[in-house]
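Residue indices begin at 1 and follow the sequence shown. In listed order, ligands and their atoms are each counted from 1.
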Amino acid sequence: MGRRAKPIRRYQRLRHLVIFAAAVLLAVHAISVVLRHANALGRRCFPELTDRNLSPRLRIAMVSFSSEDKASLRSFKEVEEVVAGNKRAYAARMGYDLINADDLVDHSRPPAWSKIPALRSRLSSYDWIFWNDADTVVTNPAISLESVIWSVIGHADFDESPDFILTEDINGVNLGVFFIRRSKWSETFLDIWWNQTTFISFGSTKSGDNAAFKHLMDNLPPDELRQHIRISPMQCLFNSYPWFPSWKSALRLFTSPSTTWKGAYSHGDFMVHFAGIDGKQEWAEKILREMESN
Ligand SMILES: *[C@@H]1O[C@H](CO)[C@@H](O)[C@H](O)[C@H]1NC(C)=O
């Protein structure tokens with residue numbers, strides 16, 4: 001009798017395993033669907049804007065580069081070619097200058113550092129510069145950069161505005177997509193940032209410029225920080241990350257569900273950023289196809 005029971009138990013165990021695996025797959029699929037429809041489900045990326053129509057137009061440039069990142073494991077060149085038309089169309093529609101700063105890449109450092117001299121050299125010609133890494137797509141071209149800026153600041157008084165507008169992900173501020181305002185403070189801060197040479201790191205996906213910025217932020221006096229650097233309460237305001245199932249994203253979802261909720265790319269978001277993920281070109285193509293079919 002005892003001997004015959006064994007295969008049955010084994011069969012039951014297998015059945016439980018199959019049911020469990022199916023449940024996990026279903027849950028993961030449900031999470032993807034929910035996050036992709038986060039805005040329809042009531043997520044608000046935009047703070048309420050009160051004086052949208054009263055404000056003057058701003059001189060804005062979108063600056064980026066596509067330089068082959070030999071020091072990094074991930075290439076931006078291909079994804080840049082895929083998103084070039086998307087960025088051009090958006091800038092033309094809104095009347096922004098679109099600047100490719102490839103000529104300003106300083107090859108003595110990982111290319112990501114060169115956003116600093118690129119911004120420094122153009123800042124005096126604009127009110128605001130919108131830095132956007134090449135691995136980004138404008139997913140809601142009806143949203144203007146002015147409305148993003150004003151919604152974070154809460155007013156349209158240029159002189160009373162902060163100098164940096166950033167978003168935060170699970171690792172803190174992300175310097176792949178952000179706004180910088182024309183001011184003396186911004187210029188000096190860029191110079192100091194550029195001088196953080198101890199953070200320069202070759203041969204990994206982290207080039208050190210982001211860590212250097214965080215270090216400077218952490219060491220600013222609280223008053224100065226409050227006055228000059230503003231962080232959007234919602235990451236999805238202008239720097240959403242696509243959510244897809246992986247051990248990393250599952251871990252992040254369970255350790256900090258609110259971070260995932262605030263930053264996961266959903267229909268209606270302004271911009272998607274393929275930060276820290278492989279297959280950027282495929283991702284960009286997929287999102288652009290989705291946009292066309294809608
Ligand atoms: C950055 O470093 C250079 C060279 O060491 C120095 O001349 C300059 O004053 C520094 N700039 C700032 C803002 O600290």
Ring pair (Phe, Tyr, Trp, His ring centres under 6.0 Å) between Tyr126 and Tyr96, worked out: CA-CA 10 Å; Tyr126 298 93; Tyr96 306 139; 10.0 Å; no

Residues Glu292 and Arg289 bridged, charged N to O under 4.0 Å: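 Here Glu292 does not pair with Arg289 in a salt bridge, since their nearest N and O are not under 4.0 Å apart.
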
Polar side-chain atom of Lys214 near backbone of Asn171 as donor-acceptor pair, under 3.5 Å: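 A pair under 3.5 Å: yes.
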
For ligand 1, the residues whose heavy atoms come within less than 4.0 Å (ordered by chain, then number):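 These residues qualify: Asp191, Ile192, Asn195.
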
From Leu145 atom CG to Phe179 atom CZ, the distance as rounded to the nearest 0.5 Å: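 Going from the CG atom of Leu145 to the CZ atom of Phe179 covers 4.5 Å.
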
Value rounded to 0.5 Å, distance of CG in Leu253 from OG in Ser258: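 With rounding to 0.5 Å, CG (Leu253) is 10.5 Å from OG (Ser258).
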
Glu285: salt bridge (charged side-chain N to carboxylate O under 4.0 Å, His left out) partners, not counting sequence neighbours: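 Once residues adjacent in sequence are excluded, Glu285 has no partner under the salt bridge (charged side-chain N to carboxylate O under 4.0 Å, His left out) criterion.
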
